[in-house]
2 protein chains.
Amino acid sequence: MADKRGSRVADRTDAIMRTTLELGQEVGYAKLSIEAVAARAGAGKHTIYRRWPSKGALFLDSLLSLNEPELNYPDTGDIEADLREQIHAAVDLLSKPPLGPLYQALLVEAQQDPQVAEALNERFIGPQEEKTIARLRKARDQGQLSSDFDLSLAMALLSGPFYFQVLIARQPLTREYVDRVIEAVFAGIGPKAPKTAGG
Amino acid sequence: MADKRGSRVADRTDAIMRTTLELGQEVGYAKLSIEAVAARAGAGKHTIYRRWPSKGALFLDSLLSLNEPELNYPDTGDIEADLREQIHAAVDLLSKPPLGPLYQALLVEAQQDPQVAEALNERFIGPQEEKTIARLRKARDQGQLSSDFDLSLAMALLSGPFYFQVLIARQPLTREYVDRVIEAVFAGIGPKAPKTAGG
DNA sequence: AAGTCAACACGGCACGTGCCGTTCCGCTAT
DNA sequence: ATAGCGGAACGGCACGTGCCGTGTTGACTT
């Protein structure tokens, strides 16, 4: 039976998503076409269009279906060490092949398609942020952070430089770079001696 | 003579670039087609393809032809105040209509087209970085920055959160947010009491 | 100095290709 | 019977490339 007509819906859906990732890795997201996905997956285009409203939605679902990103925070009591650990893991996962290029493409697509942006935030970035903020909150309660700090601002300070490095500067994200950013975000770039008093 | 054949090359080039920006604002970068630019500019597609290898290159040239971004640093002696001033100006220019959406689209295109990325870095982002770094260096020499600091890292710490806010969090860039980021980057998110030695 | 002309750039048109999103058809498992 | 499927075909759009007739330009002739 070379045909898959009538097989279980979930199987068909999985096959399409797997093919999407496969083709995405081969030709890149930009050149990925629904037509090609349908052809390789042995599916009708209609079957794809029935389930996903856009290429971006299909791609997002496909990526999230991997469900790998169980990026949970360690909690050793040392917030800087835990952040390093966590960010190293995230970097390993999201900035290197095979997932890196795909995740990056998804960020690009999110810029162009508000629906994808919303879904991405809701289903991936948001939850990750919450985990980070929860961990930061605990640290703040333990006096490891400036007490009056807006935690979502801290989030941005910690994440921004990495996105900057990848998306704008287009430089590789090394562990050393991660460590330097974390250290600097904690210490600040101001002079070591307090600003207020004479330095 | 409704025809522009043989008129000066620079005029034709300008007309095409102006039309590109115009159409870009109307339909957005994604739906911008060279065909439409040619039609509205009263130009042949060849004339466009002859000068620009890609839609991205045309768009980049068109944006840079505005030549507005003379974002030069003030130097009042107070690095934090100068950074605020400078970043406020940059934010006003690059995150609000009419240029904001176009600049954002250019960043997106740079993700997909390495040639555009390189040109963008070389002709816009790079020079701006250099100005910032030069100003930071002066501040460091005056003792307003931690003395052993890598200035390009400071660059990333200062820029990253803003790109994050726009591209990832998709939130508006307010002056208040800018001020909070700058303050935090200087002070650090660590506890107020100095970690290293007694202040 | 005035006239001439080949080279060049141009606008416009048409072509073949690729992918879009949709529609129809025949098949198959339920 | 019905609903979902694979597959084929559709019209539409934009791509990038040829070709054509036309206008401008600058070097050469007179």
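Only heavy atoms go into these numbers, but all of them, side chains included; no hydrogens, no water, no symmetry mates. Reminder, nothing fancy here: chain letters follow the sequence lines and each chain counts from 1.
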Nearest-Å distance, CD1 (A:I48) to P (D:dG7)? 12 Å

A:Y29 has an atom OH; how far is it from atom C1' of C:dC19, in whole Å? 14 Å

In whole angstrom, give the distance that lies between atom CZ of B:R50 and atom P of C:dA9. 7 Å

Using heavy atoms to find the nearest nucleotide of DNA chain D for B:K55 and A:G44 separately, return the residue whose nucleotide is more 5′. A:G44

Cut-off 3.5 Å, no hydrogens considered: what does the side-chain donor-acceptor table look like for residues 87-96 of chain B, sequence neighbours left out?
| residue | atom | partner | partner atom | Å |
| --- | --- | --- | --- | --- |
| B:H88 | ND1 | B:R84 | O | 3.3 |
| B:H88 | ND1 | B:R175 | NH1 | 3.4 |
| B:H88 | NE2 | B:D179 | OD1 | 2.9 |
| B:D92 | OD1 | B:K96 | NZ | 3.2 |
| B:D92 | OD2 | B:R175 | NH2 | 2.7 |
| B:S95 | OG | B:V91 | O | 2.9 |

Earlier contact from the 5' end, DNA chain D, for A:E35 and A:A43: A:A43

Rounded distance in Å - NZ (A:K31) to C1' (C:dT17): 14 Å

Looking at A:Q165 and A:T174, would you say the former's side chain and the latter's main chain have a donor-acceptor pair under 3.5 Å? no

Within the modelled atom types, does a donor on one side and an acceptor on the other bring the side chain of B:H46 and the base of D:dG18 under 3.5 Å apart? yes

Within this structure, what is the CG-to-P distance between B:D113 and D:dC15, rounded to whole angstrom? 14 Å

Using OP1 and OP2 only, check whether a side-chain N or O of B:R51 sits under 4.0 Å from C:dC10. yes

Given C:dC20, C:dA14, D:dG6, the nucleotide with the shortest approach to the side chain of B:K45: C:dA14

Any donor-acceptor pair under 3.5 Å from B:E35 side chain to B:K45 backbone: no

Less than 4.0 angstrom between a side-chain N/O of A:T47 and OP1 or OP2 of D:dG6, yes or no? yes

Integer-rounded Å distance: D:dG6 C1' and A:I16 CD1: 11 Å

Measure the acute angle between the ring planes of B:F162 and B:Y177, then classify it against the limits of 30° and 60° as parallel, tilted or perpendicular. perpendicular

In whole angstroms, how far is the P atom of C:dG12 from the CZ atom of B:R40? 15 Å

Please report, rounded to the nearest Å, how far the C1' atom of C:dC19 is from the CG atom of A:L23. 14 Å

Measuring from A:L102:CG to A:Q104:CD, what's the distance to the nearest 0.5 Å? 10.0 Å

